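One structure below.
Note that the coordinates shown come from a computational prediction; the quantities given were computed from them, not determined experimentally.
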Amino acid sequence: MERDKIVVLDFGSQYAHLIAKRFRMLGYYSEIALPSAELSVFEGAKGIVFSGGPASVYDEKVPEFNEKILTLNIPVLGLCYGHQLMAKCYGGSVGKAEVGEFGIAHLTKTESGKKSPLLEGISDTTQVWMSHQDGVLSLGQGFEVIGTTKDCPFAAVQNLEKKRFSLQCHCEVKDTPEGNKIFENFAKNICGMNQNWDEDAVLAHIMESIKTQAADKNVLLFLSGGVDSTVAFALLNKALGQDRVLGLHIDNGFMRKNESARVAAAYRAHGFTNFIVEDASEGFLKAIAGLTDPQKKRMAVGEHFIKVRDEVVAKQKLDEEKWMLAQGTLYPDIIESGGTKNSHVIKTHHNRVEGIQKLIEKGLIIEPLKDLYKDEVRRMGKKIGLEDELVMRHPFPGPGLSINVLCSDGTPAEKDAVEYPLAQKELEEIKLDMFCEDCSKNLTRHVLPVRSVGVQGDFRTYRFPAVLDFGDEGQGFSHLPKKWEKLEAASSRITNSASYLNRCIIRLYQKPGLSESDMKLQKGYCDKRRLDQTREADDIMLTALHESGWYDKIFQHLTINLPYAGREDHCCIVLRPLCSEDVMTARFAWLPQEKLMEVVKKIAALDYVDAVYYDLSNKPPATFGWE
């Protein structure tokens, strides 16, 4: 029998699966379909959602869309790109917005909005999350405005007669706090759907899928020691038994300080006996030697995992005809690697390189978690009995610290030589009037000559970080304004206003005697020396987070090593603690400032550290990491 469902049309958004996940969390079964889908796909559908996406609706090349879908007598909700597509299909116009919005905005109901079934029970002014450069410029036929933001006059619209609703914001992310209520209104009140989905159904589906895919084969799983691979390992053991599953933890030389030993001890304590540890650090370091391009580095790491896997299979004398490979891949890994038809590559994950893709196409890889997000994975791990020590650890991807060590051959790229001065000029012209008089008086700003990855409007961007410096407090330590919200507002204004900036950081320390003119882009690759530098600084920060109780309050911390310093064997360190629920969006952590400065002083005492920064960027416009 066909199950009632909400169908989410994936126009390539970073968040398409997050929409489906939100409906499932609310108890409403949902599934993904292509926007070109035949009408038969919508049998049993109680509602349809158009996702966001990286294209502009007025471009020549846009995702193929079956407009007959709009002839169905089924309620439709459009979000971001879907909001703009809805306007276009019903005769409205879409173009570049006067002001693009990235991050937090506030939606205010109109008089019609106060009566709208979509916004029933929603605050008259509510926080929403935006990520767009285009906007609806005029309404489609029969539509009315139900909500606006400061910079978006058509932020929420409806056509009650046709049961068509659309919003420029992303209701699916945590930073739209009343987003779940909007989805609940759509599913229950507008679509008339009954709840029909829960975690037991998800677990049963995963168990059945593992058994079906594995058939009579055994499974070898890469174990990074992180949450994803650990939960995948436990699920495989539960479905197939320990005698058919082998966990392989590879020490690739990119682990945190003493990480591999801790991982092995935690697995043994839980009762896992079917895993082995392989020290392959020398080979991985050779595989990325001399590389500076982040994508090539990730690909080299991913391809070398396959090589090590083959070596272990030979060493363990495993019959390849009887073994499959498994990975702890999550949906964000797939979507950020451009893994759906309409999505753009944000960054290539090690579990989506060419060698892995070929195995997937041959049906030789099992990925039990590929439709889930991090918070769902953690709940699944707890449901099957894993301890908090295993499931509440901060995420730690397979490439480990290698993607936290930015690399350079010491000379700016030709493009950088042109765009860096433009970025500096752009930053100087942005008005930052949110700080007190004393802070404003001492504030200086400049741009770092390195690029970091961001995601803006579902596109990957490689742009420069803006640096804020509020003056010297003595011994090289900088002033830190007391109000984090002011710093967040400044960061958002900078990245929303600039074409060449996608990140904002604050300088908290610079070695006494080093002027800004002394600091230069240095030659630096991902080698053992720089990895050890990163490990020491990272260990100082993680130890402080554990001791203060903040480790469990944040989602993840990354310690970034920049090849920007007063001399070649030195570096700068960026601290990047984040709060997130699902990886797709995040806010930088507002740590207690006294504790933070204690950490900065310990890191500053490392003789190779020339400066310490704190990343003030949310996602979007920045990603978690810098590569």
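Atoms CD and CG, from Glu38 and Asn66 in turn, are 6.0 Å apart once rounded to the nearest 0.5 Å. For the atom pair Arg244 CZ and Gln242 CD, the distance stands at 13.5 Å (nearest 0.5 Å). Here CG of Asn618 is found 4.5 Å from CH2 of Trp129. Values are rounded to the nearest 0.5 Å. Distance check, rounded to the nearest 0.5 Å: NE2 of His270 to CG of Leu390 gives 7.0 Å.
Taking the six-membered ring for Trp and thresholds of 30 and 60 degrees, Tyr81 and Phe11 have ring planes inclined between 30 and 60 degrees apart. Using a 30° and 60° split on the angle between ring planes, Phe624 and Phe555 fall in the perpendicular class, above 60°. Ring planes of Tyr551 and His546: parallel class, angle under 30° (limits at 30 and 60°). Note: Phe233 and Tyr267 have tilted aromatic rings, judged against thresholds of 30 and 60 degrees for the angle between ring planes.
Taking 4.0 Å as the cut-off between side-chain N and carboxylate O, Arg535 and Asp539 do not count as a salt-bridged pair. Under the 4.0 Å criterion applied to side-chain N and carboxylate O atoms, Glu488 and Arg587 are assigned as salt-bridge partners. A salt bridge links Arg393 with Glu259; the closest basic N to acidic carboxylate O contact falls under 4.0 Å.
Closest of all the heavy-atom pairs between His394 and Gln556 is ND1-CA, 3.6 Å. In terms of heavy-atom proximity, Ser229 sits nearest to Ser224 at OG-N, 3.1 Å. Summarising the geometry of Val219 relative to Trp323, their closest heavy-atom pair is O-CZ3, 3.3 Å, with the distance given to 0.1 Å. For Ile32 against His17, the heavy-atom pair with the smallest separation is CG1-NE2, 3.2 Å. Contact between Cys191 and Ala187 at its shortest, heavy atoms only, is CB-O, 3.3 Å. Between Thr623 and Arg576, the shortest heavy-atom contact is O-NH2, 2.8 Å.
Ring centroids of Tyr28 and Phe183 are separated by 6.0 Å or more, keeping the two rings apart. Between Trp197 and Phe23, a ring centre-to-centre spacing not shorter than 6.0 Å is recorded.
Under the rule for a salt bridge (Lys or Arg N to Asp or Glu O under 4.0 Å), Asp198 has no partner lying at least two apart in sequence or in another chain. Listed by chain and residue number, nothing satisfies the ring pair (Phe, Tyr, Trp, His ring centres under 6.0 Å) test with Phe186 (two or more places apart in sequence, or in another chain).
Put simply, the residue from Thr559, Leu591, Leu558, Asp615 that forms a side chain to side chain contact (heavy atoms under 4.5 Å, CB included) with Pro577 is Leu591.
Using a distance-only test at 3.5 Å, with no hydrogens or angles considered, a donor-acceptor pair links the side chain of Lys297 to the main chain of Ser402.
In Glu199, the CD atom is crowded: over 12 heavy atoms of neighbouring residues, nucleotides or ligands sit closer than 6.0 Å.
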